[in-house]
Engineer: 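This is the structure I want to talk about, given as structure tokens.
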Amino acid sequence: MGAAAAPAEARTVTIDGVGMDFAVKGGTFTALDDIALELPEGGFTTLLGPSGCGKSTLLRIIADVIEPTRGTVDLFGMTPRQARTSGLFGFVFQDPVLLPWRSALGNVELPLEAQGVPKAERRERAMAQLQLVGLDGFEDRLPAKLSGGMARRVAIARALVVEPSILFLDEPFNGLDELRRRQMNVELQRIWAASGTTALLVTHNVAEAVFLSDTVIVMGRNPGHVIERRTIDLPRPRDIDNALSADFIAHEQELTQLLSGDYRSVVDE
Amino acid sequence: MRALPRPVIPALFFVLLLVAWQLVGQAVTAPGAVLIPPSTIVETLGQRWYALLLNAGITLSEAGLGFLYGSLAAIILAVVVDRFRIVGEGLYRLALVIYAIPVIAIAAPLTASLGLGMESKVAVAALSAYFPVLVNLTGALRTLDPRVQELSRVLAMGYTRTLLTMRAPAVVPALFSSFKIAGPAAFIGAIIAEWMGAEGGLGVMLIQSMFNFNVPLLWTVLLVATGLNGLIVLLFDVLGRLAAPWHDSSKEQS
Ligand SMILES: Nc1ncnc2c1ncn2[C@@H]1O[C@H](COP(=O)(O)OP(=O)(O)OP(=O)(O)O)[C@@H](O)[C@H]1O
Ligand SMILES: [Mg+2]
């Protein structure tokens, strides 16, 4: 997989004027309208917004799973298609989507198979990822024999194993208990900082957004749009105790305010 | 508690049925009576076992070959339908039309053109077998989890690799349940083709015992054929479980 060398000057993911219309019964439904974003390389950006505001749709568009109706996406000077076929993406879907006939290890090896990595190296790298998400000892289990939280962690390991340039995370910690979620937040921060990957996270959890992000994009719905872009300038590395600091709580409160503003406007309609 | 009654009750019922059958069969003793007691059938089985074995072998090999060709053609066709939607749709329609022709009606001209040898039987068996496989496999490929398709797209896997690593394994259970229909269909197809004229086979035995009013033999052949059909279903059931051991446990969960 010869990754097309990106020109040195373009080091952001730029989304410009992106809109998405879905064909529905009796016309079209506008899921996203005029989205403009800039994700700096190596940055951690989070999309925060109510259910149905188009977060997953936006992730799908950037990752070239679907094509937008309007607008352009540029990934470090590449088209989404070029970036995808160069194997730069790691994607954690909203559901784990594991292959039921493959063991946890086999599922994590899948992206490496697609890239033609030799078997021994595949095994080694997949094992290392499973260890990272705390699943060593479970590598031979079939997905049906894993708990929901374990299946999610397998999906995260599968996304990380290719050492992606861009990591898409669609509510990756849904269904994990609160303690495990916090642990995974700390882990994710560490992995992200160590790898230098550009991360784009979707979450409903405000504390998680503040804890992990450089930038939080607050979205509203009908149609999906950007309400505000907020820089979280807390020092790194952050640990769980930071979540009790005054700055942290201030960010949390203001983001919650922005979100509930959107909820109110929907109720008022 | 749950596992015990399941095989016991049908077995008991079966034994009772056999006993009743024996008693009624013995009571109706007229020559050429419709109901033959099981003891007579067992007797016939003992006397004619070699002929039965020989003819069953002939029919089974015809059916086996036909099944092989028929399902192979169906699998290839299903992949073509999946890969090339527009061309595939036309071929699929054509396959439906061909299947609408009754086996009996197609067996006669096939025997006329392919002769009384094995070829005509294999052809009819293949024609009987391809359809369940085609319909089941096409349906299964069509209704695959769209999220898996998204995964293969993100991983930039091509069509062939996606087919081999993600889609083909997912349709293995559907394939084996279609074999459970196609196997017996091929077997019955071979027997019907033998009626049109053949040198040997269970179909020939059936016809001959019918024309000779040899009712005990007629029943015995019928029973052997039914038993073999059941074994074919059982074989594919077991093979299906072996090929997709992950499937049952996932079904129990949902
Ligand atoms: N393929 C589709 N066809 C029609 N409508 C769609 C399609 N995909 C998404 N939508 C609609 O677009 C809107 C945004 O969907 P999306 O899944 O992106 O929301 P989301 O912000 O991820 O929500 P959640 O937080 O619940 O996951 C929803 O109203 C959804 O019904
Ligand atoms: Mg979503």
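Residue numbers start from 1 in every chain, and the chains themselves are labelled A, B, ... in the order their sequence lines are given, proteins ahead of strands.
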Engineer: Look at the side chain of Arg147(B) and the backbone N and O of Val97(A), then say whether any donor-acceptor pair between them is shorter than 3.5 Å.
Structural biologist: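 No.
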Engineer: Pick one of side chain, backbone, both or neither for Gln94(A), based on which atoms fall under 4.5 Å of a heavy atom in chain B.
Structural biologist: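 Contact with chain B is absent: no heavy atom of Gln94(A) under 4.5 Å.
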Engineer: Could you measure the distance from the CZ atom of Arg167(B) to the CG atom of Leu99(A)? Nearest 0.5 Å is fine.
Structural biologist: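 Nearest 0.5 Å value for the CZ-CG distance: 12.5 Å.
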Engineer: Which region of Arg81(A), side chain (C-beta onward) or backbone (N, CA, C, O), has a non-hydrogen atom less than 4.5 Å from a non-hydrogen atom of chain B, or is it both or neither?
Structural biologist: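 Contact with chain B: none, neither part.
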Engineer: Roughly how far apart are His247(B) NE2 and Trp101(A) CH2, rounded to 0.5 Å?
Structural biologist: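 CH2 of Trp101(A) is found 10.5 Å from NE2 of His247(B).
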Engineer: With a 4.5 angstrom heavy-atom cut-off, which part of Met166(B) approaches chain A: side chain, backbone, both or neither?
Structural biologist: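 Backbone plus side chain of Met166(B), per the 4.5 Å heavy-atom cut-off to chain A.
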Engineer: Quick one: CD on Glu113(A) to CG on Leu164(B), what's the gap to the nearest 0.5 Å?
Structural biologist: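 So the CD of Glu113(A) and the CG of Leu164(B) are separated by 11.0 Å.
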Engineer: List the atom of Ala114(A), the atom of Met157(B), and the distance in Å for their closest heavy-atom pair.
Structural biologist: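 Scanning both residues completely, I find the closest heavy atoms to be CB-CG, 3.5 Å.
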Engineer: For Tyr69(B), is the OH atom crowded, meaning more than 12 foreign heavy atoms sit under 6.0 Å from it?
Structural biologist: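 Atom OH in Tyr69(B) is not packed in, count stays at 12 or less.
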Engineer: Surrounding CD of Glu124(A) (heavy atoms of other residues, nucleotides or ligands, distance under 6.0 Å), is the total greater than 12?
Structural biologist: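 Result for CD/Glu124(A): open.
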Engineer: Taking all non-hydrogen atoms of both residues into account, name the closest pair between Trp246(B) and Pro100(A) and its distance.
Structural biologist: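 Trp246(B) and Pro100(A) have their closest heavy atoms at CB-O, 3.5 Å.
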Engineer: Do you know which two heavy atoms are closest between Pro111(A) and Leu155(B), and how far apart they sit?
Structural biologist: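 In terms of heavy atoms, the two residues are closest at CB-CD2, 3.7 Å.
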Engineer: Please confirm whether the backbone N or O of Asp64(A) pairs with a side-chain atom of Arg153(B), one donor and one acceptor, at under 3.5 Å?
Structural biologist: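 Side chain of Arg153(B) to backbone of Asp64(A), a donor-acceptor pair under 3.5 Å: yes, one is there.
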Engineer: So, taking the atom named CG in Leu151(B) and the one named CG in Leu98(A), what distance separates them when rounded to the nearest 0.5 Å?
Structural biologist: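 These two atoms lie 9.0 Å from each other.
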